[in-house]
Amino acid sequence: MNQTNSKGEEQIIGHLSIYMDDPKLNVWHLAILTAILNLGYMQGERQRIKVSRRKLMLLSHINTLPTYHKYFKQLQDLGYIKYMPSYHPGYRSEVELYQERLSHN
């Protein structure tokens, strides 16, 4: 395993540890956050991750739009993510993981 992958994996484990320690987060929040971290890892991104609703729902095993929207919005409200939608068909939306939120836990 190379050094870059090791650092990325350590960061993912650190994020997951913080998320799991927050009693405000439930299994749906954790599923979405894990899906976002997975996409970021696959893209080689640590901060701004290109996402689509379809891909996040697939990876998080959430099958209904109301459930997805409810918990995705709550993650924004809780300060874990910042969603930057793209309305252009050639560009994907992005999610930014808030470092400030992670460092305050």
Side-chain angles (χ1 to χ4, degrees):
M1 174 181 303
N2 68 37
Q3 196 67 6
T4 305
N5 284 344
S6 179
K7 287 180 183 177
E9 291 167 5
E10 287 176 23
Q11 186 176 23
I12 289 171
I13 297 299
H15 280 49
L16 288 173
S17 295
I18 291 167
Y19 300 153
M20 292 175 73
D21 285 342
D22 189 341
K24 293 183 286 288
L25 299 182
N26 64 30
V27 66
W28 302 112
H29 297 117
L30 295 174
I32 293 169
L33 288 166
T34 302
I36 292 168
L37 288 172
N38 183 26
L39 284 175
Y41 183 76
M42 301 294 270
Q43 295 170 14
E45 291 291 331
R46 296 184 180 176
Q47 203 59 26
R48 284 188 156 200
I49 300 151
K50 296 191 182 323
V51 299
S52 70
R53 180 184 66 216
R54 184 182 73 76
K55 191 71 159 178
L56 284 177
M57 287 180 68
L58 180 68
L59 290 171
S60 64
H61 300 272
I62 296 175
N63 297 318
T64 63
L65 279 175
T67 300
Y68 170 80
H69 283 295
K70 175 182 177 179
Y71 293 107
F72 193 84
K73 171 85 168 90
Q74 286 178 0
L75 287 171
Q76 293 175 81
D77 294 343
L78 289 168
Y80 278 101
I81 62 173
K82 177 182 178 184
Y83 178 61
M84 294 155 287
S86 171
Y87 301 104
H88 189 283
Y91 297 100
R92 294 175 71 188
S93 299
E94 293 183 339
V95 168
E96 183 176 341
L97 298 172
Y98 275 136
Q99 287 302 114
E100 297 82 27
R101 177 68 172 152
L102 295 174
S103 63
H104 283 96
N105 283 326

Next item on the list: Supply the atom-to-atom distance K70 NZ to H29 NE2, rounded to the nearest 0.5 angstrom.
Entry: 8.0 Å
Check: Residues in salt bridge (charged side-chain N to carboxylate O under 4.0 Å, His left out) with E96, at least two apart?
Finding: R48
Notebook entry, point to check: Is the count of non-hydrogen atoms from other residues, nucleotides or ligands lying under 6.0 Å from R92 atom CZ greater than 12?
Noted result: yes
Next item on the list: Treating Ile, Leu, Val, Met, Phe, Trp and Tyr as nodes and any side-chain heavy-atom pair under 4.5 angstrom as an edge, say whether Y68 and L78 lie in one connected cluster.
Entry: yes
Notebook entry, point to check: How many angstroms lie between atom CG of L97 and atom CD1 of I36, to the nearest 0.5 angstrom?
Noted result: 6.5 Å
Next item on the list: Check whether I81 and L16 end up in the same hydrophobic cluster, where Ile, Leu, Val, Met, Phe, Trp and Tyr are linked by side-chain heavy atoms less than 4.5 Å apart.
Entry: yes
Next item on the list: Output the distance between atom CD (Q76) and atom NZ (K73), rounded to the nearest 0.5 Å.
Entry: 6.0 Å
Check: Are Y91 and M84 grouped together when hydrophobic residues (ILVMFWY) are joined by side-chain heavy atoms under 4.5 angstrom apart?
Finding: no
Next item on the list: Would you give the length of the straight line joining atom CG of L39 to atom CD of E94, rounded to the nearest 0.5 angstrom?
Entry: 12.5 Å
Item checked: Reported CD-to-CG distance for the pair Q43 and N38, which is rounded to 0.5 angstrom -> 9.5 Å
Notebook entry, point to check: Can you list the steps and then say if Y41 with E9 is a side chain to side chain contact (heavy atoms under 4.5 Å, CB included)?
Noted result: CA-CA 8 Å; Y41 183 76; E9 291 167 5; 2.9 Å; yes
Next item on the list: Hey, can you tell me if W28 and Y71 have their rings parallel, tilted or perpendicular (30° and 60° cut-offs)?
Entry: parallel
Checklist line | L65 reachable from I32 in the ILVMFWY side-chain graph, under 4.5 Å edges | finding: yes
Check: What is the distance from atom OG of S60 to atom CG of L33, rounded to the nearest 0.5 Å?
Finding: 10.0 Å
Checklist line | Sequence-distant partners of S93, side chain to side chain contact (heavy atoms under 4.5 Å, CB included), two or more places apart | finding: V51, Y83, P85, S86
Note to self: Using the rule given for side chain to side chain contact (heavy atoms under 4.5 Å, CB included), can you reason through L25 versus L75, listing the C-alpha separation, both sets of side-chain angles and the distance that settles it, and then say yes or no?
What the structure shows: CA-CA 8 Å; L25 299 182; L75 287 171; 3.9 Å; yes
Next item on the list: For Q74 and Y80, test the side chains for any donor-to-acceptor distance below 3.5 angstrom and give the result as yes or no.
Entry: no
Note to self: With a sphere of 6.0 Å drawn around CG of D77, does it hold more than 12 non-hydrogen atoms of other residues, nucleotides or ligands?
What the structure shows: yes
Checklist line | Residues which pass side chain to side chain contact (heavy atoms under 4.5 Å, CB included) with T64, listed by chain and number, not counting sequence neighbours | finding: P66, T67
